[in-house]
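Just so it is clear, the values below take in all heavy atoms, side chains as well, and ignore hydrogens, waters and symmetry mates.
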Amino acid sequence: MYDKSIEEKWMRKWEKEKAYSFNETDKTKPVYVIDTPPPYTNGVLHMGHVSDYSFIDFIARYKRMKGFNVLYPQGWDTMGFHTEITVEKKYGKNLDEKEFLEKCEALTTDNLVKMREQMKLLGFSVDFSREYITMSREYKAKVQLSLLLMYEKGLLYIGDHAVYWCPYCKTAIAREQIEDKEEKTKLNYVRFDMEGGSAEQLTIATTRPELLHACVAVAVNPTDERYAKYIGKQVSIPLFGRKVKIIGDEDVDVSFGTGAEMVCTFGDKKDLVIYHRHKLDEIKAIDEGGHLLNAGKYTGLSIQDARSAIISDLEKEGRITKKEEILHTIKIHEDCKQPIELLHSTEWFSKTTDFVNEIKEQANKIKWIPEITKRYLMDWANYIDWDWVISRDRRFDTPLPFWICKSCGYIVGADKKSLPVNPRVDAPPVDKCPKCGGELAGEKRTCDVWIDSSITPLVIAGWPDNKELFSRAFPSDIRINATEIIRSWDFYTIYRVWALTGNIPWKNIFVHGLILGPDGRKMSKSIGNVVSPEELIKTYSADSVRMWAALSGTMQGDKALIFNDVKFAHSFINKLFNSLEFARPALSGYVPSSSDMANTDIFDKYMLSRLNSLIKQVSSAYEDLRFYDAANAIINFYWHVFCDYYLENIKYVVYGDDKARKKGVQYTLHAVVDAVLRMLAPIIPFSTAELYQSFAGKDVHAQQFPVADEHAIDKDIEEKGEYLNNIISMIRKEKTKNKLALNFELTKIIINVPEKYYTLLAENKHKLELIAKVKEIEVKVGKEEGVSIAQ
RNA sequence: GGAGGCAUAGUCUAAUGGUAGGACGGCAGAUUGACAUUCUGCAAGCCGGAGUUCGAUUCUCCGUGCCUCCACCA
């Protein structure tokens with residue numbers, strides 16, 4: 001019976017012995033480096049993390065057993081918006097900066113400690129002595145160094161650029177922080193007068209009448225017969241009276257609204273494209289807090305108020321010819337769920353658009369598993385519209401290490417020797433602007449959190465100081481993460497590492513789907529379908545949860561968490577423990593020796609052949625990171641081939657007096673248990689550690705992974721063994737049919753077999769009698785294959 | 001709107017141009033010298049249509065449904 005308390009015991013033992021420390025001085029073993037995605041510390045580990053990190057740990061443990069010196073550190077992504085919001089919600093928005101940052105750090109540390117404990121509970125063989133924390137001074141210094149180097153390479157710049165802007169949070173946001181939201185809105189048909197007071201009118205349809213003041217053109221599709229003739233003419237904007245041109249653009253959808261649309265400089269992304277394409281004028285429409293600019297009497301109104309005021313005024317003038325309710329999708333900020341605007345803003349940028357080809361080239365050098373996932377990155381890269389906005393107007397983040405000249409705009413980077421710096425309070429490295437002698441002002445903004453987390457493959461390899469380790473540990477061998485972060489984390493990591501080193505960040509990347517709630521929907525607190533790892537560990541065990549992770553399919557798609565799968569894993573582990581209760585006494589005093597192979601019979605040879613086939617199969621599954629296949633193959637073999645048949649088939653030997661036969665059986669038993677425990681060790685480390693200790697007196701995790709003995713694999717023996725088991729199954733079936741207990745001793749049965757199996761059956765008749773508890777078996781050659789009771 | 005993926009018992013999943021394998025759940029039975037967290041057995045399935053073929057669940061096309069990414073959303 002499986003006792004969960006062993007998990008605590010082994011966990012503390014591994015912790016105390018620092019069993020999984022990377023041995024930096026050992027240069028004999030090849031190094032295997034795992035770049036784990038550091039979890040964000042605004043919360044604790046959920047089942048998605050558990051699945052992700054379990055996969056990583058399977059690899060780490062497997063590679064150690066294959067003789068690698070495994071570098072498996074764990075990082076913590078600590079800073080940024082989410083933590084700030086949590087702290088603001090908890091303590092209000094009125095904390096002073098020092099107090100606010102202290103609360104952020106305290107919250108982070110608290111979560112970090114909880115997560116670290118969760119990882120230990122789950123048996124993750126992380127080298128915690130090589131932990132990195134993005135809010136630490138040391139890590140911030142590295143982030144700032146990376147920014148200085150990128151600046152020197154001309155990859156960073158301050159620009160006046162259209163950015164997605166959240167008026168609610170008053171911050172620029174990146175494309176991946178945007179969500180779509182469907183909502184009902186009114187499509188307003190607004191009548192414009194044509195130039196020269198002609199009687200001709202043009203009606204446009206708009207969902208955003210509040211941007212009327214920023215209208216810089218009216219666009220129609222040049223193929224649209226209704227309007228093509230108007231291209232080049234002018235119309236007058238209602239309420240404002242300003243005249244704008246009618247332009248032709250093929251992106252205008254003739255079937256939407258009236259087929260004529262107004263173009264505002266910052267209405268949406270398509271407006272922006274047309275604005276650039278036709279070199280239209282710029283009118284700043286909205287300020288950073290979401291109030292109208294340059295809008296005459298409407299200036300200063302919020303977007304909502306302006307919308308009602310303008311609609312009402314348009315109606316008074318009889319300009320609105322129709323209002324239509326439509327369902328459309330607006331872009332909202334994923335954090336605050338408020339609508340996003342496009343604004344021109346002065347921000348820091350990292351040049352990505354110019355390097356799309358380089359990034360794709362790097363991505364092509366990485367092995368993507370499964371290969372299809374590379375496509376997600378490529379699709380993303382192909383749609384880069386503008387550079388990566390890396391500045392954030394927030395507080396709990398790495399400060400941008402720059403000072404800017406107030407008079408000429410010259411940028412002064414921090415002194416690399418004095419990192420980390422905080423230009424909001426620290427003095428610049430030089431007194432005056434080196435270019436014009438002007439006064440320098442510290443950059444007040446911080447950087448995007450992805451800036452922090454996109455250099456992990458460098459940091460874990462000792463960058464920039466430990467050059468010796470770096471030469472061995474970079475690039476990382478593998479990165480593992482979910483599909484959802486390919487376009488952010490993976491993309492930025494590939495870009496940043498390329499920019500800083502010209503190299504790829506990892507040789508391999510394994511991408512998997514999400515773990516959904518039991519109802520098949522994404523786990524979410526508001527739906528209430530979140531399952532906590534603790535709950536499952538408490539009900540079952542850490543090993544069951546890990547085994548569940550291995551059994552959760554190929555993980556190419558998303559996967560619902562099914563409790564039965566954890567239960568099943570738990571049952572198997574229990575079976576493993578119970579079977580050892582049989583095997584251990586049966587092997588008592590046995591010293592394995594290859595000479596005992598001489599005493600193996602067909603049942604043993606069948607087992608050994610199957611075992612070695614299994615080792616081959618499982619090894620290749622592990623190599624290809626197909627943990628589902630590995631776990632599944634071991635479970636089926638152990639439970640249904642080894643326990644259900646072999647153990648039953650040899651009981652008469654174990655409890656009998658034939659010493660020679662017993663040696664053959666013990667040899668086989670030992671070989672199977674030994675190899676199976678070692679093969680399961682990466683997946684269920686606690687159970688296998690406990691069992692291997694009692695079985696072999698050794699640490700299973702210090703053993704080599706089993707290697708198949710090709711000579712033991714004999715397809716002819718496998719077929720014969722299969723046939724004998726099939727006969728046993730038929731005898732069991734006969735007993736069941738007659739409602740007899742399986743250990744009920746039958747007097748006589750007749751077995752009809754095809755001629756080719758007659759010799760096999762005749763030779764093993766006596767063994768079958770003992771295994772199946774029958775006094776006498778008569779074997780006959782017969783057309784009707786089968787077993788019948790002769791009473 | 002574009003691109004891609006997927007469709008197998010109640011649920012999850014595998015393989016296959018010729019009888020579709022397994023798990024969970026269900027049902028029936030057994031209590032066996034490690035194990036009731038067990039053992040034995042049973043029932044239950046290829047989304048719809050057309051084509052290619054002696055034969056299609058598998059290949060092709062169409063439809064339908066689901067998923068992902070991208071675009072549009074004045």
Original post:
Is it the case that A:Arg732 places NZ or CZ above or below the six-membered ring of A:Tyr645, under 6.0 angstrom from the centre and within 45 degrees of the axis?
Top reply: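 Positive - A:Arg732 is close enough to the ring of A:Tyr645 and near enough to its axis.
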Original post:
Is the Lys NZ or Arg CZ of A:Lys662 less than 6.0 Å from the centre of A:Tyr590's six-membered ring, within 45° of the axis?
Top reply: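 Not satisfied by the 6.0 Å and 45° rule.
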Original post:
Between the side chains of A:Asp674 and A:His670, does any donor sit under 3.5 Å from an acceptor?
Top reply: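 No.
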**OP:** Can you tell me, in whole Å, how much space there is between the C1' of B:G17 and that of B:G55?
**Re:**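 My reading of the C1' atoms in B:G17 and B:G55 gives 8 Å.
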Subject >> C1' atoms of B:C42 and B:C6, separation to the nearest Å >> reply: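 So the two C1' atoms sit 32 Å from each other.
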Grab the N/O contacts between the protein and nucleotides 39-43 of chain B below 3.5 Å, and write none if there aren't any.
from  : atom 1 : to       : atom 2 : distance (Å)
B:C39 : OP1    : A:Lys575 : NZ     : 3.4
B:C39 : OP1    : A:Trp639 : NE1    : 2.6
B:C39 : OP1    : A:Asp644 : OD1    : 3.2
B:U40 : O2'    : A:Thr736 : OG1    : 2.6
B:G41 : OP1    : A:Ser729 : OG     : 3.3

Original post:
Taking only residues two or more places apart in sequence, or in another chain, which ones meet A:Phe642 in a ring-ring contact (aromatic ring centres under 6.0 Å, His included)?
Top reply: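 Here the qualifying residues are A:Tyr638, A:Tyr646.
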Whole-Å distance separating the [atom1] atom of [X] from the [atom2] atom of [N]:
| X | N | atom1 | atom2 | value |
| --- | --- | --- | --- | --- |
| A:Asn632 | B:G21 | CG | C1' | 11 Å |
| A:Glu648 | B:C35 | CD | P | 11 Å |
| A:Asp629 | B:U13 | CG | C1' | 11 Å |
| A:Leu746 | B:U32 | CG | C1' | 14 Å |
| A:Leu187 | B:C72 | CG | P | 17 Å |

Original post:
In the structure shown, which nucleotide is the Watson-Crick or G-U wobble counterpart of B:C47, with both distances under 3.5 Å?
Top reply: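 In the structure as shown, B:C47 has B:G63 as its Watson-Crick or wobble partner.
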**OP:** Give none if B:G21 has no partner; otherwise give the nucleotide forming a Watson-Crick or G-U wobble pair with it, both distances under 3.5 Å.
**Re:**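 Its partner is B:U13.
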**OP:** Give one of base, sugar-phosphate or nothing for A:Leu647, where a contact means two heavy atoms less than 4.0 Å apart.
**Re:**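 Result for A:Leu647 = base.
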**OP:** For A:Lys651, report the nucleic acid contact type (base, sugar-phosphate, nothing); a contact means any heavy atom under 4.0 Å.
**Re:**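 Base contact - A:Lys651 has a heavy atom under 4.0 Å of at least one base atom.
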Original post:
So which of A:Asn636, A:Val641, A:Ile635 actually passes side chain to side chain contact (heavy atoms under 4.5 Å, CB included) with A:Trp639?
Top reply: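 Result: among A:Asn636, A:Val641, A:Ile635, A:Ile635 is the only option passing the side chain to side chain contact (heavy atoms under 4.5 Å, CB included) with A:Trp639.
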Original post:
Does the side chain of A:Lys651 come within less than 4.5 Å of A:Val654's, by heavy atoms?
Top reply: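 They are not in side-chain contact.
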**OP:** Decide if atom NZ of A:Lys245 counts as having more than 12 heavy atoms of other residues, nucleotides or ligands within a radius under 6.0 Å.
**Re:**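 Not buried by this count: 12 neighbours or fewer within 6.0 Å.
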Protein-nucleotides 1-4 of chain B N/O pairs closer than 3.5 Å?
from : atom 1 : to       : atom 2 : distance (Å)
B:A3 : O2'    : A:Arg375 : NH2    : 2.8

